[in-house]
2 protein chains.
Amino acid sequence: MDRIEDCISFLIGKAAQQIARRARDKLAPFGVTPVQYAVLHALWQQDGQSGSELGARLAIDSATITGIVDRLEAAKLIARRPDQAGDRRINRAVLTEHGRSLQAPLDRAMNELNREVSAELGQNDARLLWAGLHRLGRVGA
Amino acid sequence: MDRIEDCISFLIGKAAQQIARRARDKLAPFGVTPVQYAVLHALWQQDGQSGSELGARLAIDSATITGIVDRLEAAKLIARRPDQAGDRRINRAVLTEHGRSLQAPLDRAMNELNREVSAELGQNDARLLWAGLHRLGRVGA
DNA sequence: AACAAATATCTTGTATACATGATATTAATA
DNA sequence: TATTAATATCATGTATACAAGATATTTGTT
């Protein structure tokens, strides 16, 4: 490998960086980061998930989840609530009205990014790229 | 987008994370991180580059370069030296003997990762993925 | 019941990455 | 030449990501 650009680690890292920048730009008007969007997305599908449930769903470790939930809570998009069943180890993340209200605009913004990237690559190349990334991203591949 | 996995931002982020983990595992025995490898790679091709030259070559901003060079210097893989031409704004990164000696084993490790991923995807799909990532990673796309 | 194992959350320390800005130095210009 | 603009590095604060571990709680086993 003469060129660092052909090193898969560098290559995919830089590509992910560019996409992350574009996602940040789309989400910035709402004060939400790309990872925070992923957590909100999980909660829109099922509200009241615990930290470990969110981490398992999104492949985010416990230390990172704590920080993300902290910031979403500080932004009043979610609240921490005790588990109904009484397991006192658990903190459940519950959407606030504001957190719920962001679903439509944030989904719209991220769909827009998907369409833009898809259009830039062409539908066929985009499909192939998506498929390849799915295979690489599978944990324990 | 019902599934967060189909969001390009989440998808490529997780794929990059998995690759980064595998790269870290390969490089860990040498005490070097994937990004540090990229900087060393640039210096193996041209020793004595300044921070801004390295940043421009590798698309790393100045604040990040400072930290990476700090740690490579602390590990005694490079040294900071003043610019020969006398520009006192510049710090040039110069490889130590140890830094130079890591070229063969680190390149071997990263080539191995490339071959593994390529084999997992199949040569054809791998080529297509590389091409797609090149297009996404291009700054200012 | 008592104890060990597992689970959930959080803490701390390190490494990118980015925004912003401070400082020093050099280059360009009026 | 005096001033301004540009450049290079570094500092600071925030946001992931991961390793390692501390604490509290629950579960499983004897």
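Quick note on labels: first sequence line is chain A, next is B, and so on, each numbered from 1.
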Notebook entry, point to check: When all nucleic acid strands are considered with a 4.0 Å heavy-atom cut-off, which category describes A/Asp61: base, sugar-phosphate, or nothing?
Noted result: base
Note to self: Has A/Asp47 got a side-chain atom pairing as donor or acceptor with A/Leu95's backbone, closer than 3.5 angstrom?
What the structure shows: yes
Item checked: Closest-nucleotide ordering on DNA chain C, the 5'-leading residue of A/Asp25 and B/Arg71 -> B/Arg71
Check: Is any side-chain heavy atom of B/Tyr37 less than 4.5 Å from a side-chain heavy atom of A/Ser9?
Finding: no
Margin query: On the nucleotide C/dC18, are OP1 or OP2 found under 4.0 Å from the side-chain N or O atoms that A/Gln17 carries?
Written below: yes
Notebook entry, point to check: Between D/dA24 and A/Arg88, is there an OP1 or OP2 to side-chain N/O distance shorter than 4.0 Å?
Noted result: no
Notebook entry, point to check: So what does A/Gly86 touch, heavy atoms closer than 4.0 Å: a base, only the sugar-phosphate, or nothing?
Noted result: sugar-phosphate
Note to self: Assuming nearest nucleotide by heavy-atom distance, tell me which of A/Ser50 and A/Lys14 is located more 5' along DNA chain C.
What the structure shows: A/Ser50
Next item on the list: Counting heavy atoms from C-beta on, name the nucleotide in D/dT9, C/dA19, D/dA19 closest to the side chain of B/Ala63.
Entry: C/dA19
Check: What nucleotide, of C/dA8, D/dA17, D/dA8, holds the atom closest to the side chain of A/Ile90?
Finding: C/dA8
Margin query: Whole angstroms only, please: what is the CZ-P distance between B/Arg81 and D/dT9?
Written below: 15 Å
Next item on the list: Return the value, rounded to whole Å, for the distance between atom CZ of B/Arg92 and atom P of C/dT25.
Entry: 17 Å
Check: Of all the nucleotides listed (C/dA15, C/dT9, D/dA19), which has the minimum atom distance to the side chain of B/Gln36?
Finding: C/dA15
Next item on the list: Take B/Ile4 and A/Arg57 through the test side-chain contact (heavy atoms from CB on, under 4.5 Å) and record every step on the way to the result.
Entry: CA-CA 10 Å; B/Ile4 188 69; A/Arg57 175 68 188 85; 3.6 Å; yes
Note to self: Taking 4.0 Å as the cut-off, does a side-chain nitrogen or oxygen of B/Thr64 come that near to OP1 or OP2 on C/dC18?
What the structure shows: no
Note to self: I need the CD1-P distance between A/Ile60 and C/dC10, as an integer number of Å.
What the structure shows: 14 Å
Next item on the list: For A/Gly67 and for A/Arg89, locate the closest nucleotide of DNA chain D by heavy-atom distance; then report the residue assigned to the nucleotide nearer the 5' terminus.
Entry: A/Gly67
Item checked: For atom CZ of A/Arg24 and atom C1' of D/dA15, their distance in whole Å -> 9 Å
Margin query: Any base atoms under 4.0 Å from B/Ser52, or only sugar-phosphate, or nothing? Heavy atoms, all strands.
Written below: sugar-phosphate
Checklist line | d(CD1, A/Ile68; C1', C/dA8) in whole Å | finding: 16 Å
Next item on the list: Under 4.0 Å between any heavy atoms, over every strand shown, what does A/Thr66 touch: base, sugar-phosphate, or nothing? Just pick one.
Entry: base
Item checked: Hphob cluster co-occupancy, B/Val32 + B/Val94, side-chain heavy atoms under 4.5 angstrom -> no
Next item on the list: Using whole Å, report how far CZ of B/Arg80 lies from C1' of D/dT9.
Entry: 9 Å
Note to self: If the threshold is 4.0 Å, N to carboxylate O, is there a salt bridge linking B/Glu73 and B/Arg80?
What the structure shows: yes
Item checked: Integer-rounded Å distance: C/dA15 P and B/Leu40 CG -> 14 Å
Next item on the list: Mind checking B/Ser62 for me? I need base, sugar-phosphate or nothing, with any heavy atom below 4.0 Å counting as a touch.
Entry: base
Note to self: Side-chain heavy atoms nearer than 4.5 Å, only ILVMFWY residues, links allowed to pass through others: does that put B/Phe30 and B/Trp44 together?
What the structure shows: yes
Notebook entry, point to check: Whole Å only: how far is the CG atom of A/Leu54 from the P atom of C/dT7?
Noted result: 18 Å
Check: Checking all strands, does A/Asn91 fall into the base, sugar-phosphate, or nothing category for heavy-atom contacts under 4.0 angstrom?
Finding: sugar-phosphate
